[in-house]
Amino acid sequence: MSANQPLAPYRRVTIKIGSALLVDKAGQLRADWLAGLAEDIAALKAENREIVIVSSGAIALGRSLLGLSATTLTLEQSQAAASAGQIALSQAWAAALGRHGIVTGQILITPNITEERRYFLNARTTIRTLLGLGAIPIINENDSVATAEIRYGDNDRLSARVATMIEADLLVLLSDIDGLYTAPPAKDPDAVHIPLVEAITPAIEAMAGGAASHLSRGGMTTKVEAGKIATLAGTAMIIAKGTEPHPLATLTAGGKHTLFHAATGRAQSRKRWIMGTLAVAGSVQIDGGAVRALKQGRSLLPVGVTRIAGNFQRGDTIAIIAPDGREIARGLSGLDSADARRVMGRQSDTITALLGADSRSELVHRDNLVLLGAKEEVEP
Ligand code: GLU
């Protein structure tokens, strides 16, 4: 394999396939295209890579199966469509990869699974076990039960969370566009393709615009958001065009794409997961002494806390705010917010008196804490 082959450095790869690639405008599966993609995936797997697929298409397939022709579906209709379509989608994947002797496993995910550590650990174990058995996990959002407020809604960010959850080296977003441009090319004829993004700066975010195609929910904006989740956690990301036959073979032959470099340094898996949290459960403001302690790699003690916002449980991710109001760190809280409020500002030795002997003296233990912007040089 040549060294400039774009996928050469990556062993564990998550591939996200958008609805508009898998399903045509009439709501039919693009079976020939899927057969070609499955061949490409089998070739990557034969090179000793672990592959995880995040596949959209349940709603698009389900709406034609159920005869739902309206342009915009109600929430109930799209959840019903997802329910019917997911069966067809799984069958299509099982058949396409089955032709290459590859077994597939289906995993349907809701945000609480990627955001709550005990579910997350369990899902990760299932995925790792499938990979260890030589199977390919096929993942989608559990759209038929996810409620409007508690859902990803787009598989770009979902795939980034999945990729970081399993510590993938690379996330490939197969899309209807061959990468990031300086402006949406459909609107701006002077838009220039960007082959490499070293870091996602506000200027890069501004380029993403907001365009979306007829079937996919995510435009370039959710792709760049996915890039932030992935790259911060040490997973590189590629956006490549998937519409033509054999999109992965085209990519490995050097096809046009945008590569987003992973932020340098590899954080421990727990820290990667904390960094990618979509929504924190609460926040604590700390004083200057605590800021210095955190920068020296120490735990956050209640004595340094000046203000607590939100209601959180022990184990939830909280934001840690400097005196100037900037978020400087994230971590898993060792206490729930009610207990944290009782002990904030107190010395550690008074805490056991207040909360009992088995209580923790740290609000956030240093192993569960990530300084934002800091480079971690820790092998997973
Ligand atoms: N989970 C949705 C589906 O399977 C797709 C979401 C997306 O397009 O990103 O239909």
Side-chain angles (χ1 to χ4, degrees), residues 14-30 33-34 37 52-94 96 104-114 123 137-163 171-177 208 210-230 237 239-243 247 278:
T14 299
I15 303 165
K16 182 258 171 178
I17 324 282
S19 299
L21 304 179
L22 265 167
V23 185
D24 66 18
K25 288 195 174 137
Q28 300 304 311
L29 181 78
R30 295 177 67 211
W33 178 86
L34 178 59
L37 178 72
V52 173
I53 304 288
V54 175
S55 177
S56 305
I59 296 173
L61 284 173
R63 61 188 296 157
S64 65
L65 284 171
L66 294 172
L68 294 164
S69 55
T71 322
T72 316
L73 300 184
T74 63
L75 178 65
E76 293 78 3
Q77 287 173 327
S78 59
Q79 294 197 296
S83 166
Q86 185 61 39
I87 296 180
L89 185 62
S90 290
Q91 281 175 342
W93 277 108
T104 49
Q106 172 184 272
I107 298 182
L108 299 179
I109 281 188
T110 43
N112 68 319
I113 293 175
T114 55
I138 310 287
I139 299 175
N140 195 1
E141 182 154 21
N142 196 349
D143 293 307
S144 53
V145 298
T147 61
E149 320 78 69
I150 315 170
R151 66 197 295 257
Y152 281 92
D154 69 86
N155 277 6
D156 293 325
R157 291 175 313 136
L158 171 70
S159 64
R161 278 306 260 167
V162 166
L171 167 65
V172 179
L173 299 182
L174 286 183
S175 156
D176 52 8
I177 186 163
S213 78
H214 75 292
L215 281 177
S216 61
R217 289 169 189 276
M220 197 48 80
T221 312
T222 53
K223 292 185 176 47
V224 170
E225 278 175 30
K228 279 164 73 176
I229 295 170
M237 185 175 94
I239 300 176
K241 189 165 174 156
T243 42
L278 294 177

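All ligand and atom numbering here is 1-based and tracks the order in the structure.
- Across all their heavy atoms, L108 and E141 have their closest contact at CD2-O, 4.2 Å.
- In terms of N/O distances under 3.5 Å, ligand 1 is not approached by A60.
- Distances from ligand 1 to the non-hydrogen atoms of G57 include at least one value under 4.0 Å.
- Between N140 and ligand 1, a contact under 3.5 Å exists for at least one N or O pair.
- Across every non-hydrogen atom of L21 and S175, the tightest pair is CD2-O, 3.7 Å.
- Shown here for L29 and A92, the closest heavy-atom pair between the two residues is CD2-CB, 3.6 Å.
- Checked against a 3.5 angstrom limit, the closest N/O atoms of L89 and ligand 1 fall outside it.
- Atom CG of residue L34 and atom OG of residue S55 lie 8.0 Å apart, to the nearest 0.5 angstrom.
- Considering backbone and side-chain N/O atoms, D143 comes within less than 3.5 Å of an N/O atom of ligand 1.
- On a distance-only criterion, N155 and ligand 1 share at least one N/O pair closer than 3.5 Å.
- Inter-residue side-chain proximity for L173 and S159 is flagged as met; some heavy-atom pair is nearer than 4.5 Å.
- Exactly one residue among L171, I53, I139 makes a side chain to side chain contact (heavy atoms under 4.5 Å, CB included) with V162. That residue is I139.
- Interface atoms of ligand 1 facing S56, defined by a heavy-atom separation under 4.0 Å, are 4 (O), 5 (C), 7 (C), 8 (O), 9 (O).
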